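Reviewing the structure listed below.
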Amino acid sequence: MTEKVRVRFAPSPTGFLHIGGARTALFNWLFAKHNNGIFILRIEDTDRSRSTDEYIEAIIEGMKWLGLDWDEGPFRQTDRFEIYRNYADRLLKEGRAYYCYCSSEELEARRKIATALGRSPGYDGRCRYIKEPVPGITPAVRLKMPREGKTVVEDLIRGNITFDNAQLDDLIILRSDGTPTYNLTVVVDDVDMKITHIIRGDDHLNNTPKQIQLYNAFGYAIPKFAHLPMILGSDKARLSKRHGATSVMAYYEMGYLPEALVNYLVRLGWSYGDQEVFKREELIKYFSFENVGKAAAVFNPEKLLWLNSQYIINSSPEKLVELVKPFLLKEKIIDEGRIPDEVWLSKAVLTLRERAKTLVDLANSLRYYIADNIEYNEKARAKFLNEKSLPYLIELKDSLASVAEFSANEIEKIFHSLTERHGIKLGNLAQPVRVAMTGGAESPGIFEVLEIIGREKSLMRLDMAIKTIQSSREEL
RNA sequence: GUCCCCAUCGUCUAGCCCGGCCUAGGACAUCGCCCUUUCAAGGCGGUAACGCGGGUUCGAAUCCCGCUGGGGACGCCA
């Protein structure tokens, strides 16, 4: 029997959950689900000066929004300092680690000189041989790295990667203030939490041989590694703020569906034949490292937008109503106490569904259905609300006022009889009416629009359009 | 500087491991056409890629070497 798969996502709370982190979390989650394993959330907050509780909350919020639920945690490394110290002590006692009396300033200066001389900026290991304490200095603790031989990282995505031990410098595992550093905590926790597969960004590949040496120093079995390719911006540089939104929750704000983001992210570096759109169950079923690519991928917001529109089109109007509500409030299209009738809203949403790429789009398009008054787009007004259309609008208004049933079907009949009577194209009537109803020249089918707006409001808007044309005449 | 990784359309990718089925497939974007009351959606079609140079082989996008290009790491950050 193989052991149960246990993976973790281990962000440091020094910022919001960003696109790269989200994809790492997603691949961990997918791998866990695929193997019926355990997904652990661990907060790596050992750098107390940069970690905040707000960021922890933000990361959790992002994970929840994406639907990446974890089975254990969230654990915080700051709660576990005692454990790390014990492990470090053990290494010290066994002679596998030593005290380092070099100050940060000294080290910094030496690094600078080494770089300037074109030498490796790594630590030279000088304190390794000091046996007596240096008075007045509280030391840090360093791990003794092997000076010879090679370390091989067996990576599920990249295969075997060999590093020369000579280039691994003695890394600090305990700072002079006694707090543990990343390389120690990561190994201790992964051992302690029985992590079987470490799935993380490519940028950690170079840390891996050091961590393997730490596993060796402790005498623990080495887990499997899978290093994911990075996500880059359009200029092929590491994705950062200047490439636009990188925070996951910013995509919520912009009206993206979490399913769309997940779908987009998973296809960045992973593929399953020619399939582009996946249900969550399909992702779990098909996910495998065999289909994960090795090359870094450029984040392409346009494809994400397309996916989002696909997810919107395939959502039920009822679900869309729920999703769009917060945006109606945020965009000030409705007030807190005045939520429109849900059935009516669903009908309105249905007409807009294939036209909206985001929930923000949807909310804004809903505006002309919901608002009491509309504003004309100047170009559209000038083009369609004029002397030419005036008589038709007046005639239409009368017909609509008296039609028995104010339905798209009946309205269509009225339009057709009017256009036939005058020998005009449908567009000659539909476009002016569209402007009268929505303020602009684009909308869903005009008959549906009228039906949804309703008789009373439609007549009022028609009236307003007529008056607008007449008053502009008077100005001349 | 040293070390590590990577390399197919503008972008995400299939194909590469196990060479011939590849006149290199799909998707986004883009362009054109159709549908049409507008805008979308949808349908159809087009433009567009194996970084370069050497090998190996009857045959290379696929295997090997070099180069170039890109990314990453070298912290008392994670």
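Proteins get letters first, then strands, A, B, ... in listed order; numbering begins at 1 in each. These numbers were taken from a predicted model, which means no experiment stands behind them.
- Base contact: A/A441 has a heavy atom under 4.0 Å from a base atom.
- The separation of B/rU23 from B/rU2, taken at their C1' atoms, amounts to 46 Å, rounded to a whole angstrom.
- For the OP1/OP2 pair of B/rC76 and a distance below 4.0 Å, the side-chain nitrogens and oxygens of A/R50 include no atom meeting the criterion.
- Atom OH in A/Y264 sits about 12 Å away from atom P in B/rA29, given to the nearest Å.
- Side-chain atoms of A/E276 and base atoms of B/rG26 include a donor and an acceptor less than 3.5 Å apart.
- At a threshold of 4.0 angstrom between heavy atoms, the contacts of A/R434 include nucleobase atoms, whether or not backbone atoms are also involved.
- Within the 4.0 Å cut-off from OP1 or OP2 of B/rC76, not a single side-chain nitrogen or oxygen of A/R110 is found.
- Across all strands shown, A/I172 has heavy atoms under 4.0 Å from base atoms, whether or not it also approaches the sugar-phosphate.
- For A/D47, taking side-chain heavy atoms from C-beta onward, the closest of the listed nucleotides B/rG71, B/rG1, B/rA78 is B/rA78.
- Annotation: B/rU57 and B/rA27 have their C1' atoms spaced 35 Å apart (nearest Å).
- Residue-to-nucleotide contacts include a donor-acceptor pair under 3.5 Å from the side chain of A/D274 to the base of B/rG25.
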Quiz prompt | Working for side chain to side chain donor-acceptor pair (under 3.5 Å), residues A/Y98 and A/D170 | solution = CA-CA 9 Å; A/Y98 62 92; A/D170 294 348; 2.7 Å; yes

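- For the pair A/I173 CD1 and B/rC77 C1', the interatomic distance rounds to 17 Å; values are reported in whole Å.
- Using the Watson-Crick or G-U wobble rule with both distances under 3.5 Å, B/rU30 pairs with B/rG46.
- The environment of CZ in A/F327 is crowded: more than 12 heavy-atom neighbours from other residues, nucleotides or ligands sit within 6.0 Å.
- Within a 6.0 Å radius of CZ in A/F447, more than 12 heavy atoms belonging to other residues, nucleotides or ligands are found.
- At a cut-off of 3.5 angstrom, the base of B/rA29 holds no donor-acceptor pair with the side chain of A/N300.
- Look at B/rC22: it lacks any Watson-Crick or wobble partner with both distances under 3.5 angstrom.
- Nearest-nucleotide mapping onto RNA chain B: of A/L205 and A/Q431, the residue sitting toward the 5' end is A/L205.
- Atom C1' of nucleotide B/rC77 and atom CG of A/L184 are separated by 15 Å, given to the nearest angstrom.
- Under the Watson-Crick or G-U wobble criterion, with both distances below 3.5 Å, B/rG66 is paired with B/rC52.
- Aromatic rings of A/F299 and A/H243 (six-membered ring for Trp) have centroids beyond the 6.0 Å cut-off, not under it.
- If you check distances only, the side chain of A/R355 does reach the base of B/rC39 with a donor-acceptor pair under 3.5 Å.
- Residue A/I161 is classed as a sugar-phosphate contact, given heavy-atom separations below 4.0 Å to backbone atoms only.
- Side-chain proximity of A/F163 to the nucleotides B/rA78, B/rC4, B/rG72 is greatest for B/rC4.
- A distance of about 33 Å separates the C1' atoms of B/rU68 and B/rC21, rounded to the whole Å.
- Comparing B/rC74, B/rA78, B/rC76 by their nearest atom to the side chain of A/A140 picks out B/rC76.
- Atom CZ of residue A/R142 and atom OH of residue A/Y101 lie 13.0 Å apart, to the nearest 0.5 angstrom.
- Residue contacts shown for A/H227 are absent, as no nucleic acid heavy atom lies under 4.0 Å away.
- Classified by interplanar angle (parallel below 30°, tilted 30° to 60°, perpendicular above 60°), the ring pair A/Y286/A/Y272 is parallel.
- Residue side chain A/S120 does not reach the base of B/rC74 through any donor-acceptor N/O pair under 3.5 Å, judged by distance alone.
- Taking the P atom of each, B/rG51 and B/rA60 are spaced 15 Å apart, rounded to whole Å.
- A straight line from CG of A/L305 to C1' of B/rU30 spans 15 Å, rounded to a whole angstrom.
- At the heavy-atom level, A/G269 lies under 4.0 Å from the strands shown only through sugar-phosphate atoms.
- A donor and an acceptor atom never sit less than 3.5 Å apart when one is taken from the side chain of A/R267 and the other from the base of B/rU13.
- A sub-4.0 Å separation between OP1 or OP2 of B/rG25 and a side-chain N or O of A/Q275 is absent.
- In this structure, A/Q310 reaches the sugar-phosphate backbone alone: every heavy-atom distance under 4.0 Å involves primed, P, OP1 or OP2 atoms, never a base.
- Of the possible polar contacts, none joining the A/T179 side chain to the A/R175 backbone as a donor-acceptor pair under 3.5 Å is found.
- When the C1' atom is compared between B/rC33 and B/rG72, the two are found 47 Å apart, to the nearest whole Å.
- Using a 4.0 Å heavy-atom criterion, one finds that A/N207 contacts the bases of the nucleic acid, with or without backbone contacts as well.
- Rounding to whole angstrom units, CG of residue A/D203 and P of B/rA73 are separated by 6 Å.
- Comparing the P positions of B/rA49 and B/rG25 gives an interatomic distance of 11 Å, to the nearest angstrom.
- A donor-acceptor contact closer than 3.5 angstrom is absent between the side chains of A/Y392 and A/N428.
- Comparing the P positions of B/rC63 and B/rA7 gives a spacing of 10 Å, expressed to the nearest Å.
- Between B/rG70 and B/rC9, the two P atoms lie 16 Å apart (nearest whole Å).
- Phosphate contact (OP1/OP2 of B/rC76, side-chain N/O of A/R111, threshold under 4.0 Å): present.
- Regarding contacts with the backbone of B/rA40, every side-chain N or O of A/K357 stays at 4.0 angstrom or more from both OP1 and OP2.
- Few gaps surround CD on A/Q275; more than 12 heavy atoms of other groups in view lie less than 6.0 Å from it.
- Contact between the side-chain N/O atoms of A/S271 and the OP1/OP2 oxygens of B/rA14 is found at a separation under 4.0 Å.
- Which of B/rU37, B/rA78, B/rC3 sits closest to the side chain of A/N206 comes down to B/rC3.
- Residue-level contact check: A/P444 touches the bases, meaning some heavy atom is under 4.0 Å from a base atom.
- Residue A/K236 places at least one side-chain N or O closer than 4.0 Å to OP1 or OP2 of B/rU11.
- Between the CD1 atom in A/I453 and the CZ atom in A/R461 there is a gap of 4.5 Å [rounded to 0.5 Å].
- For B/rU2, the paired base is B/rA73 (Watson-Crick or G-U wobble, both distances below 3.5 Å).
- In this structure, A/D235 atom CG and B/rG69 atom C1' are separated by 15 Å, rounded to whole Å.
- Comparing A/K294 and A/E354 against RNA chain B, the residue whose closest nucleotide sits nearer the 5' end is A/K294.
- Residue contacts shown for A/L107 include a base, since a base heavy atom lies under 4.0 Å away.
- For the pair A/L385 CG and B/rU38 C1', the interatomic distance rounds to 14 Å; values are reported in whole Å.
- Atom OH of A/Y368 and atom C1' of B/rA40 are 10 Å apart (whole Å).
- Here A/T46 reaches the OP1 or OP2 of B/rA78: one of its side-chain N or O atoms lies under 4.0 Å away.
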